[in-house]
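When reading the values below, keep in mind they use all heavy atoms of this one structure, side chains included, and skip hydrogens, waters and symmetry mates.
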Amino acid sequence: MKPPQLRAARVRKQSIIKFVILFVTLAFLFVPLLAMLIFTLRHPLSGRWSAAPWIAIFTGNGESLGADLTVLWQGLGTSLALSVVTVVIMLLLMVPTMVIVHIRSKALERAIEWVATLPLTIPAIVLVVGLGPIYRWLSADVLNTNPIWLCFAYVILVMPFAFRAIAVGLNSIDVKTLVEASRSLGASWPKVFFRVIIPNLWQSILSASFISIAVVLGEYTVASLLGRMNLQVALYQLGQSNSQISTAMSLLALLFGVVLLVALDLISDAMRKSKEGK
């Protein structure tokens, strides 16, 4: 057994190493954000400090800075609508499929996992090359050029993250036992799904939904190459006329993503405490 002095010295070294790692990590994350904030407040040419870009965003009037914010609000509205539609389609497709496959076939579950995680290995530019002809056909013959139809492409993009979040929830509960017990008591399949399984997967469903929203709000490549408008494309276009307003709005989008993650953590803690209380 090591002497107390050696153990204390080892603990101090570990504490110092942990502090250095945490400091470097936080600096890596927050120094660029701080630089962005300073850029929005300090004019790059004159060096004059001003909150005009932030005032323009919150008042909706960027004419004094030579910027038309119409495209920004259009892109923001499109991205928010895309987030809702993408999450709804993703949940309708993935939750029933994953539950059924989890109960029926482990081999098929592994195959679906491989398919769901495949978009992570395909670059966005390659994905657009494959989706381009499909969207040209949809725009000309079936639907129209409304950006809301990007939801089909975005469902593919969010599948890996949504699959992993839902899979964690399914693996944390004994789905087969719950289903067999419910069925033996006379519950129909819809009741088993909506009143037994879904309540036990709420945390995973929220995780998949929030992560999907963050992905949709931050997506640029697919929308840009397909010629559709969303928040990131609007920020790029706005940056051509006023980069400070574009950077300020980017910071707000990042802040919204952080709020989503914090909300997810708080909701998860509340749900876990409520289960423990019961």
Side-chain angles (χ1 to χ4, degrees), residues 79-120 148 150-219 231 253-278:
S79 286
L80 292 176
L82 276 169
S83 300
V84 174
V85 177
T86 301
V87 167
V88 170
I89 295 175
M90 177 271 296
L91 293 178
L92 290 176
L93 286 176
M94 298 202 67
V95 174
T97 302
M98 291 183 64
V99 170
I100 293 172
V101 170
H102 185 81
I103 297 172
R104 298 295 186 184
S105 173
K106 288 293 182 181
L108 187 56
E109 185 178 22
R110 287 192 293 270
I112 291 179
E113 179 180 6
W114 180 80
V115 173
T117 55
L118 194 60
L120 288 177
I148 197 66
L150 285 174
C151 61
F152 302 126
Y154 286 172
V155 168
I156 298 174
L157 293 179
V158 305
M159 270 201 310
F161 311 102
F163 178 89
R164 184 51 52 199
I166 297 172
V168 169
L170 287 174
N171 292 328
S172 65
I173 60 176
D174 192 347
V175 180
K176 288 186 177 181
T177 301
L178 290 174
V179 171
E180 291 173 356
S182 302
R183 293 290 291 168
S184 65
L185 293 173
S188 61
W189 279 109
K191 283 188 177 181
V192 171
F193 184 77
F194 288 106
R195 302 188 65 177
V196 177
I197 297 180
I198 292 298
N200 285 282
L201 291 178
W202 264 120
Q203 184 174 342
S204 298
I205 291 174
L206 287 176
S207 299
S209 301
F210 285 176
I211 293 173
S212 299
I213 292 172
V215 171
V216 172
L217 291 178
E219 201 287 318
L231 176 60
L254 289 172
L255 180 61
F256 182 70
V258 172
V259 170
L260 283 181
L261 295 178
V262 173
L264 173 62
D265 186 59
L266 294 176
I267 293 173
S268 301
D269 288 342
M271 294 179 69
R272 183 172 62 253
K273 289 179 180 179
S274 65
K275 287 182 179 180
E276 292 175 354
K278 293 179 181 179

Quick check: do W189 and V179 have side-chain heavy atoms less than 4.5 Å from each other?
yes
Output yes when a side-chain donor or acceptor of T97 lies under 3.5 Å from a complementary backbone atom of M94, and no otherwise.
no
Residue pair S209 / L91, side-chain heavy-atom distance below 4.5 Å:
yes
How close do L231 and S79 get, counting heavy atoms only, and between which atoms?
N-OG, 2.7 Å
Run the salt-bridge test on E113 and R164 with the 4.0 Å N-O cut-off and return the result as yes or no.
yes
In Å, rounded to the nearest 0.5 Å, how long is the span from OG of S188 to CZ of R195?
9.5 Å
L201 versus G169, closest heavy-atom pair with distance
CD2-C, 3.5 Å
Would one find more than 12 heavy atoms of other residues, nucleotides or ligands at under 6.0 Å from atom CZ of R183?
yes
Work out which heavy atom in A165 is nearest to a heavy atom in S207; give both atom names and the distance.
CB-CB, 4.0 Å
Heavy-atom side-chain proximity of I211 to V158 below 4.5 angstrom:
no
Show the nearest heavy-atom pair for residues M90 and V155, with the distance to one decimal.
N-CG2, 4.4 Å
Tell me the closest heavy-atom pair linking L120 and P160, and the distance in Å.
CG-CB, 3.5 Å
State, to 0.1 Å, how close A167 and M98 come at their nearest heavy-atom pair, and which atoms those are.
N-CE, 3.6 Å
Do I197 and L178 have side chains that get closer than 4.5 Å, going by heavy atoms?
no
Could you go through the side-chain contact (heavy atoms from CB on, under 4.5 Å) check for L157 and T86 one step at a time?
CA-CA 10 Å; L157 293 179; T86 301; over 6 Å; no
To the nearest 0.5 Å, atom CD of E180 lies from atom CG of D174 at 8.0 Å
So does W114 get a backbone contact from the side chain of T117, meaning a donor-acceptor N/O pair under 3.5 Å?
yes
Would you mind reporting whether L217 and L80 have side-chain heavy atoms less than 4.5 Å apart?
yes
Rounded distance (nearest 0.5 Å) linking atom OG of S182 with atom CZ of F193:
13.0 Å
Within the 4.5 Å heavy-atom criterion, are H102 and N171 side-chain neighbours or not?
yes
Run through V88, L82, I89 and flag the one making a side chain to side chain contact (heavy atoms under 4.5 Å, CB included) with V85.
I89
